[in-house]
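Since the structure comes first, as structure tokens, the remarks are kept for the end.
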Amino acid sequence: MSNGLEDVVAAQTILSDVDGLAGRLIIRGQPLDALTGHVSYEQVLALLWDGFFADLPRDLTTPLADARAAVYGTVEREQSLLAELPVYDGVRALMARLPDGTDLETALLLTAAPAVALPAAIRLQAGKSLRAPQPGLGHAADMLSMLGDRPADPAAAAALDSYLVTVVDHGLNASTFAARVVASTLAGLNSSALAALGALKGPRHGGALGPVLDMLDAIGTADKAAAWIENELANGRRLMGFGHRIYRVRDPRADVLKAALERLTRSGAVDTARVELAQHVEAVALAALKRHKPDRVLATNVEFYPALLLETLGFPRSAFTAIFAASRIGGWIAHAREEAANGRLIRPKSLYVGPVPRVAA
Ligand code: ACO
């Protein structure tokens, strides 16, 4: 048995490869830094989904915009779900209202769903009215346009697009594995997506984004960082935004997203004092982790800098994990299709360590 399935290979995939020693991520043959900042979310979707839908068009911009419009109809009807539930749970409940097919139309609706439901939930919970998607916009720009009170600034849309591209797929992470387990039973894409959404929510996976900002708030100023971090580690608590099962070096996504944040800084939108605090906290945390856990390389992971990026774009921290889902849904769908096409039922064994019935003498 391998605790946490560490080092177990449980799927063969053409979708992405995570090299934890070299700190390299490849998505369908392309290194991450050739994608982030160079292609749109729609383009990376087309790359990932290539070969998994017979009717896949080359350009997904219009079909995805049409899907956002269709999902908006469901959002209008289900406003109470989004107004009342915590943002992530509302997005998941909204997605559960969508079809559970295995075709391209289902895939597009599921991909559009978090992008439309998330801004709607934020607006409804702030007492604002809904803003409809705009057919002429790209996916990231439309998300921001549905969120804000005016059209999105191009630099902000580019930064969100970079985030969506960067986290779209990442080997057999916990949520993708959950999606593949469900797909191996030949259930529909929505069933896979809902299972994956459940897995992504936890703080050991996609739920660390908001707590990164909670940590920066608790530290407050750079001079308090060392004492705060020492106290956390001395009390056995984990530092959010650090550590990874696969990477033994810095997560390459942390670097490309730090660069995206720097591009946004040049546009004047970023609170530079906050970024400087984050950089200081990162350096202090890395040194402290090295001292406290000398046998385990604990480096900055993908949650640290995006937390600042998403905050700058105007998203409340309660929505961060749902934005992660709005990207990763594209990867989940590709993996679910790949698993259903090639895999067998995923059904491992457990080691029973409980009591055994007594045999009568
Ligand atoms: N802070 C302090 N200690 C840590 C951290 C951390 N962030 N991460 C791991 N450790 C320690 C553990 O306490 C453990 O120490 P021990 O052996 O003395 O008990 C050791 O490092 C190994 O930890 P594991 O839990 O076995 O490592 P695993 O590979 O399972 O954990 C994980 C990976 C869950 C991401 C972990 O590093 C963590 O909890 N990080 C903080 C939360 C976080 O940033 N989550 C986002 C992950 S990125 C993503 O999923 C997109």
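For the numbers below, each heavy atom of this structure counts, side chains included, while hydrogens, waters and symmetry mates do not. Quick note: residue numbers are just sequence positions, from 1. Counting starts at 1 for both ligands and their atoms, in listed order.
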Mind checking whether Met240 has an N or O less than 3.5 Å away from an N or O of ligand 1? no
Val302 heavy atoms, cut-off 4.0 Å: which ligand 1 atoms fall inside? 51 (C)
Are side-chain N/O atoms of Thr36 and Ser162 paired as donor and acceptor at under 3.5 Å? no
Looking only at the side chains, is there a donor atom on one of Asn301 and Arg253 sitting less than 3.5 Å from an acceptor on the other? no
Do the side chains of Arg250 and Glu282 get close enough for a salt bridge, i.e. N-O under 4.0 angstrom? yes
Got an N/O contact under 3.5 Å between Leu239 and ligand 1? yes
Run the numbers for me: atoms of ligand 1, each under 4.0 Å from some heavy atom of Ala208, listed by number. 43 (C), 44 (O), 45 (N), 46 (C)
Looking at ligand 1, is there an atom of it that comes within less than 4.0 Å of some heavy atom belonging to Leu289? yes
Using a strict cut-off of 4.0 Å, indicate which atoms of ligand 1 neighbour a heavy atom of Gly241. 43 (C), 44 (O)
Establish whether atom 26 (O) of ligand 1 and some protein heavy atom are separated by less than 4.0 angstrom. no
Atom 47 (C) of ligand 1: nearest protein contact (heavy atom, Å): Asn301 ND2, 3.6 Å
With distance as the sole criterion, is a donor-acceptor pair present between the side chains of Asp161 and Ser40 under 3.5 Å? no
If you compare Arg237, Glu303, Lys293, Arg328 by their heavy atoms, the one closest to atom 15 (O) of ligand 1 turns out to be Lys293
When you measure from atom 41 (C) of ligand 1 to every protein heavy atom, which one gives the shortest distance, and what is it? Phe242 O, 3.4 Å
Considering only heavy atoms, which of Glu232, Arg253, Arg245 lies nearest to atom 33 (C) of ligand 1? Arg245
Tell me yes or no: between the side chains of His292 and Glu230, is some donor less than 3.5 Å from an acceptor? yes
Classify the ring geometry of Phe304 against Phe242: parallel below 30°, tilted from 30° to 60°, perpendicular beyond 60°. tilted
Straight-line distance of Ser350 OG to Tyr352 OH, nearest 0.5 Å: 10.0 Å
Nearest non-hydrogen protein atom to atom 50 (O) of ligand 1, with distance, is His205 ND1, 2.9 Å
Counting heavy atoms only, name the option from Arg204, Glu6, Arg238 that's nearest to atom 24 (P) of ligand 1. Arg238
Any salt bridge between Asp217 and Arg274, counting N to O under 4.0 Å? yes
Protein heavy-atom partner closest to atom 42 (C) of ligand 1 - residue, atom, separation in Å: Pro203 O, 3.4 Å
For Phe324, state whether at least one heavy atom is located under 4.0 Å from any atom of ligand 1. yes
Could you establish whether Gly4 and ligand 1 come within less than 4.0 Å of each other, counting only heavy atoms on the residue side? no
Between Ile26 and Leu32, does a side chain to side chain contact (heavy atoms under 4.5 Å, CB included) hold up when you go through it step by step? CA-CA 6 Å; Ile26 293 172; Leu32 180 66; over 6 Å; no
Which protein heavy atom lies closest to atom 20 (C) of ligand 1, and at what distance to 0.1 Å? Arg296 CD, 4.1 Å
Closest protein heavy atom (residue, atom, distance) for atom 9 (C) of ligand 1: Leu298 CD2, 3.5 Å
Can you tell me which residue and heavy atom of the protein come closest to atom 35 (C) of ligand 1, and the distance to 0.1 Å? Gly243 O, 3.7 Å
Run the ring-ring contact (aromatic ring centres under 6.0 Å, His included) check on His170 and His244 step by step: do they pass? CA-CA 12 Å; His170 199 240; His244 198 272; 5.5 Å; yes
May I ask you to decide if Tyr41's main-chain N or O and His139's side chain share a donor-acceptor pair within less than 3.5 Å? no
Please determine if Asp149 and Arg131 form a salt bridge, counting it only when a charged side-chain N lies under 4.0 Å from a carboxylate O. no
Mind checking whether Leu233 has an N or O less than 3.5 Å away from an N or O of ligand 1? no
